[in-house]
Amino acid sequence: MSTLVLAVVCCGIYPLVVFGLGRAFADKADGSLIVDSKGVIRGSKLMAQNFTGAKYFHPRPSAAGNNGYDPTSSSGSNLGPTSQKLRDSIAQNLADYRSQNGLATNAPVPADAVTASASGLDPHISLENAALQAPRVAKERGLKMEDVKSLISQYTDLPDLGLLGDAGVNVLRLNLALDGVK
């Protein structure tokens, strides 16, 4: 009797409840996809994509896959603080970031600008990182700094429940919004 009851609950009722919840929260259950006005999927607001052009905000570096940003190979580098490879990578990322953003060679840089997240696919950058990239993006696009700062504010996700984690700027959503600015 218990086998029959558990079979009905575990193989019938529970899957139907989970399916129903998935349909009730379809946006989240389907991967939080961003679809443009033509119906083309541009990405997921939960996954980083690589943007390299000067007119775009750049995401965190990624260690996912051979070339980074590979969602089928999500992972960190697993390099520890004593790793020479990690130190060399951070030094190169620091030099590149400062050069791309017109910063002095000794200017402080936020950690998220030069280190990968644990998954290698974090879609957010810190507010400080976005603020340092804003002048480059505004100049390249011929936009006013106030307009770029307004978009940064609009695409900033606040901490969960107002206190868990830090505020972060969703790079994909911000760059898509910038592409929509005339």
Interatomic distance, CD@Q133 vs CZ@F57, rounded to 0.5 Å, equals 6.5 Å
Does some side-chain heavy atom of L164 sit less than 4.5 Å from a side-chain heavy atom of P159?
no
With a sphere of 6.0 Å drawn around CG of L161, does it hold more than 12 non-hydrogen atoms of other residues, nucleotides or ligands?
no
Counting C-beta onward and ignoring hydrogens, is there a side-chain heavy-atom pair between Y155 and V171 closer than 4.5 Å?
no
Is the backbone of E146 close enough, under 3.5 Å, to the side chain of S150 for a donor and an acceptor to pair up by distance?
no
Mind checking whether L21 and I13 sit in one hydrophobic cluster, side chains of I, L, V, M, F, W, Y counted as touching below 4.5 Å?
yes
Under 3.5 Å, is there a donor-acceptor pair between the side chain of H124 and the main chain of V169?
no
Applying side-chain contact (heavy atoms from CB on, under 4.5 Å) to R173 and D157, what does each step give before you reach the verdict?
CA-CA 11 Å; R173 293 176 60 217; D157 294 331; 3.5 Å; yes
Report yes or no: does R141 contribute a side-chain atom to a donor-acceptor pair with the main-chain N or O of Y56 at less than 3.5 Å?
no
Exercise: identify the closest heavy-atom pair between A48 and D122:
CB-O, 3.3 Å
Below 4.5 Å, heavy atoms only, C-beta onward: do P61 and T115 meet side chain to side chain?
no
Measuring from L86:CG to N93:CG, what's the distance to the nearest 0.5 Å?
9.5 Å
OG on S83 to CG on N78, rounded to 0.5 Å
10.5 Å
Are any of the side-chain heavy atoms of K55 and K139 separated by less than 4.5 Å?
no
Is there a donor-acceptor pair closer than 3.5 Å between any side-chain N or O of N101 and the backbone N or O of Y97?
yes
Quick check on side-chain contact (heavy atoms from CB on, under 4.5 Å): which of L172, L176, N170 does K45 satisfy it with?
N170
Are D179 and R42 within salt-bridge range, i.e. N to O under 4.0 Å?
no
Within the 4.5 Å heavy-atom criterion, are L94 and R98 side-chain neighbours or not?
yes
Step through the shown structure and confirm whether more than 12 heavy atoms of other residues, nucleotides or ligands are within 6.0 Å of CG on D166.
no
Starting at CG of L6, measure out to SG of C11 and round the result to the nearest 0.5 Å.
9.0 Å
Spatial distance of atom OG1 (T156) from atom CD1 (I125) [nearest 0.5 Å]
9.0 Å
For the CG atom of L121 and the CZ atom of R60, what is their distance to the nearest 0.5 Å?
11.0 Å
